Amino acid sequence: RGGPFAVITVATHKPSVKKDSSLSQKKHALFEYTAKLLVERISWYCGDHLRPGPARLVFAERGQLDPDRLIAYFKRLKRYGGNHSIRWGIIDPDKLEVVPCAKLTGLQVADAAVSSVEQALELSWHSTTEHRYVKMWRKRYYRAGVTCDGHGLKAFPKWPTERPLIDHRLHWLKHFQ
């Protein structure tokens, strides 16, 4: 209660996920992969900054989120390995919980942080973005050394590199480097 926390966000650009990839072919695969990217970073942060032992991992209840499926996915990752770098000494799939957002202040804080990233990335009806809120969270983002990119702020598949887009819509990212 009231302890240290860091913001970790995974932003997925769904149109950039290849149509023929398994992530777009299999139901729930993109959500599970994104959750894996998030949990990797949570395990890194906890391993680097908090006491050892299993962290309490809590997801907010959402319409399509099936807790049993999510737990089974992380158990499969733990059992069979694969393409991930989750620190299993810190993350225990059996301790994963799914609760309504209103039940935990931490979930409400996480929701506010994620909403700030969404507002900074998604175009509004007026073709603008709102980056002021995400910049307010800047000091809370998890960093490995000085870099936030790939740690506290992860883009999947990757951040766009086109100059007009970076100059116009993603200029706020320079505050996270």
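Remember, predicted model here, so these are calculated numbers, not experimental data.
Residues Val7 and Ala113 share a closest heavy-atom pair of CG1-CB, 3.8 Å. Residue Leu107 comes nearest to Pro100 through the heavy atom pair CD1-O, 3.9 Å, listed as atom of the first residue, atom of the second, then distance. For Val98 against Pro67, the heavy-atom pair with the smallest separation is CG2-CB, 3.7 Å.
For residues 100-113, the salt bridge (Lys or Arg N to Asp or Glu O under 4.0 Å) pairs, not counting sequence neighbours, are Arg62-Asp111. Within the structure, side-chain hydrogen bond (donor to acceptor under 3.5 Å, both in side chains) pairs that include any residue of residues 116-127 comprise Ser124-Thr128 (at least two apart or interchain). Counting only residues at least two apart or on different chains, no salt bridge (Lys or Arg N to Asp or Glu O under 4.0 Å) pair has a member in residues 151-161.
Annotation: the span from Gln64 atom CD to Lys27 atom NZ amounts to 6.0 Å, rounded to 0.5 Å. Between atom OG1 of residue Thr34 and atom NE2 of residue His28 there is a gap of 13.5 Å, rounded to the nearest 0.5 Å. Note that the CD1 atom of Ile8 and the OH atom of Tyr141 stand 10.0 Å from one another [nearest 0.5 Å]. Here Leu57 contributes atom CG and Leu96 contributes atom CG; the two are 4.5 Å apart, rounded to the nearest 0.5 Å. How far CZ of Phe31 is from CG of Asp66: 10.0 Å, rounded to the nearest 0.5 Å. Taking CG of Leu38 as the start and OG1 of Thr9 as the end, the distance is 8.0 Å to the nearest 0.5 Å.
The hydrophobic cluster containing Ile42 also contains Leu65, counting ILVMFWY residues as joined when their side-chain heavy atoms lie under 4.5 angstrom apart, directly or transitively. Residue Phe156 is grouped with residue Leu77 when hydrophobic side chains (ILVMFWY) are merged at heavy-atom distances under 4.5 angstrom, including chains of intermediate members. Hydrophobic clustering of Ile, Leu, Val, Met, Phe, Trp and Tyr side chains at less than 4.5 Å, counting indirect connections, unites Leu153 with Val109. Note on Trp172: it does not cluster hydrophobically with Val114, by side-chain heavy-atom contacts below 4.5 Å among ILVMFWY residues. By the criterion of side-chain heavy atoms lying less than 4.5 angstrom apart, applied directly or through intervening Ile, Leu, Val, Met, Phe, Trp or Tyr residues, Val17 is grouped together with Tyr73 in one hydrophobic cluster.
Put simply, the side chain of Tyr33 does not reach to within 4.5 Å of the side chain of Thr12, judged on heavy atoms. Contact of the Ile91 side chain with the Phe74 side chain is not registered, since no non-hydrogen atoms from C-beta on lie closer than 4.5 Å.
Annotation: ring pair (Phe, Tyr, Trp, His ring centres under 6.0 Å) contacts of Phe59 (sequence neighbours excluded): none. Under the rule for a ring pair (Phe, Tyr, Trp, His ring centres under 6.0 Å), the partners of His84 that lie at least two apart in sequence or sit in another chain are Trp88. His131 meets the ring pair (Phe, Tyr, Trp, His ring centres under 6.0 Å) test with His171; sequence neighbours excluded. Residues passing the side-chain contact (heavy atoms from CB on, under 4.5 Å) test with Ala55 are Cys46, Ile90, sequence neighbours excluded. The salt bridge (charged side-chain N to carboxylate O under 4.0 Å, His left out) search around Asp48 returns Arg87, not counting sequence neighbours. Taking Trp137 as the reference, nothing meets the ring pair (Phe, Tyr, Trp, His ring centres under 6.0 Å) condition, with sequence neighbours excluded. With sequence neighbours left out, Lys75 forms a salt bridge (charged side-chain N to carboxylate O under 4.0 Å, His left out) with Asp94. Applying the side-chain contact (heavy atoms from CB on, under 4.5 Å) test to Arg138 and every residue at least two apart in sequence or in another chain returns Lys135, Arg143, His175, Phe176. When the side-chain contact (heavy atoms from CB on, under 4.5 Å) test is applied to Ala144, the partners found at least two apart in sequence or on another chain are His151.
Of the possible donor and acceptor atoms, none in the side chain of Glu61 sits under 3.5 Å from a partner among the backbone N and O of Gly63.
A perpendicular orientation is assigned to the rings of Tyr142 and His49, their planes being inclined by more than 60° (bins at 30° and 60°).
Using a cutoff of 4.0 Å between basic side-chain nitrogens and carboxylate oxygens, Lys95 and Glu97 are not scored as salt-bridged.
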For Leu121 and Leu170, what are the C-alpha separation, side-chain angles and deciding distance, and is it a side chain to side chain contact (heavy atoms under 4.5 Å, CB included)?
CA-CA 7 Å; Leu121 294 174; Leu170 299 177; 3.5 Å; yes

How far apart are the C-alpha atoms of Leu104 and Arg56, what are their side-chain angles, what is the distance that settles it, and do they pass the side chain to side chain contact (heavy atoms under 4.5 Å, CB included) test?
CA-CA 12 Å; Leu104 286 175; Arg56 182 176 179 212; 4.1 Å; yes

Could you please spell out the steps behind the side chain to side chain contact (heavy atoms under 4.5 Å, CB included) verdict for Ser85 and Trp44?
CA-CA 9 Å; Ser85 56; Trp44 301 345; 3.1 Å; yes

